[in-house]
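Because the structure is predicted, anything quoted here is derived from the model rather than measured. We count ligands from 1, going down the list as the structure has it; atoms in each ligand are counted the same way. If you read the sequence from its start, that first residue is 1, and numbering goes on from there.
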Amino acid sequence: MRGVAGVYCALVHYPVVDRQGEEVTTSVTNLDVHDIARSARTYGLQGYFVVSPIEAQHPVVHRIVDHWCSGAGRARFPERGEAIALVQVCLSIDDAIAAIEAREGEPPRLVVTSAKAGPGRSSYAKEAQRLRVESRPTLLLFGTGHGLSDRVLRRADAFLEPIIGPTDFNHLSVRAAVAITLDRLLAARTSDKDAI
Ligand SMILES: C[S@@+](CC[C@H](N)C(=O)[O-])C[C@H]1O[C@@H](n2cnc3c(N)ncnc32)[C@H](O)[C@@H]1O
């Protein structure tokens, strides 16, 4: 497989903030599970963690995974199952970190994302280069609601700059933000494409 080894992503449902900046837990949505899994598979990620402390929501994710990986969905759209197989549901970001450490032998670097600009942000070019040479695994963290809580952002080894279009409208869905981020960090270079 082409691509960079040891890159994972997580969609965080807690701790995230609401419009007022208060810490909240958001609900898991079917579309986020599907669409982010497809982006993760396209860009060669090793896993996609759906982080929710609400155990009652975990069966929702398990049902989606079962349907596409072993149920009726697999027979009709096997490639969808291949993407959904990357999905793992866990209770916390620390559980995702522990799962990566168990698989890779060391804990991942944490790379966080936000729509907000601020000091100390890393460029996509710098982070893309780092991913190509980094021996440690990397966990890319994406928020729900109005974004990752400050206590998650403070833990990061790198804080990516926001994706900004040519307008002042900056309200991407997290699914779109994940796809753009993965493309900026992991897209095949021209020389890779020539090698196909
Ligand atoms: C609905 S957005 C939250 C927007 C929030 N105001 C913020 O500052 O991140 C949910 C998630 O999508 C991602 N996201 C959305 N827009 C983004 C952007 N312009 N640049 C980078 N990430 C973005 C981030 O992971 C964010 O936590």
N/O of [X] under 3.5 Å from N/O of ligand 1, yes or no?
X	value
Asn170	yes
Phe142	no
Thr113	yes

request  = Mind checking the CG-NZ spacing from Leu131 to Lys126? Nearest 0.5 Å is all I need.
outcome  =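 Answer for the CG-NZ pair, Leu131 versus Lys126, is 12.0 Å.
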Minimum non-hydrogen distance to atom 1 (C) of ligand 1, winning option of Ala115, Pro162, Gly145 =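 Going through Ala115, Pro162, Gly145 one by one, Gly145 has the nearest heavy atom to atom 1 (C) of ligand 1.
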ask   = Counting heavy atoms only, which of Gly143, Gly165, Ser114 comes nearest to atom 27 (O) of ligand 1?
value =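 Nearest heavy atom to atom 27 (O) of ligand 1 lies in Gly143.
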key: Nearest neighbour in protein (non-hydrogen) for atom 14 (N) of ligand 1   =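 For atom 14 (N) of ligand 1, the nearest protein heavy atom is Ala177 CB, 3.4 Å.
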ask   = What protein heavy atom sits nearest atom 20 (N) of ligand 1, and how far off is it?
value =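 I find the closest protein heavy atom is Ile163 N, 2.9 Å.
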ask   = For Arg184, does the CZ atom sit with more than 12 other heavy atoms under 6.0 Å from it, leaving out its own atoms?
value =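 Atom CZ in Arg184 is packed in, count exceeds 12.
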task = Say whether His62 and Asp66, considering side chains only, have a donor N or O and an acceptor N or O under 3.5 Å apart.
result =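 No - no donor-acceptor pair under 3.5 Å links their side chains.
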task = Look at the rings of His34 and Trp68 and say which category their plane angle falls in: under 30° parallel, 30 to 60° tilted, over 60° perpendicular.
result =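 Ring orientation, 0 to 90° scale: perpendicular.
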inquiry  = So that I can tick it off, tell me whether Arg151 and Glu23 are bridged by a salt bridge, with the cut-off set at under 4.0 angstrom between side-chain N and carboxylate O.
reply    =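 Here Glu23 pairs with Arg151 in a salt bridge, since their nearest N and O are under 4.0 Å apart.
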inquiry  = Between Asp157 and Arg130, does any NZ, NE, NH1 or NH2 come within less than 4.0 Å of an OD or OE carboxylate oxygen?
reply    =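 A salt bridge is absent here (no side-chain N lies under 4.0 Å from a carboxylate O).
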inquiry  = One residue to check: His146. Relative to ligand 1, which of side chain, backbone, both or neither has a non-hydrogen atom less than 4.0 Å away?
reply    =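 Only the backbone of His146 comes within reach of ligand 1.
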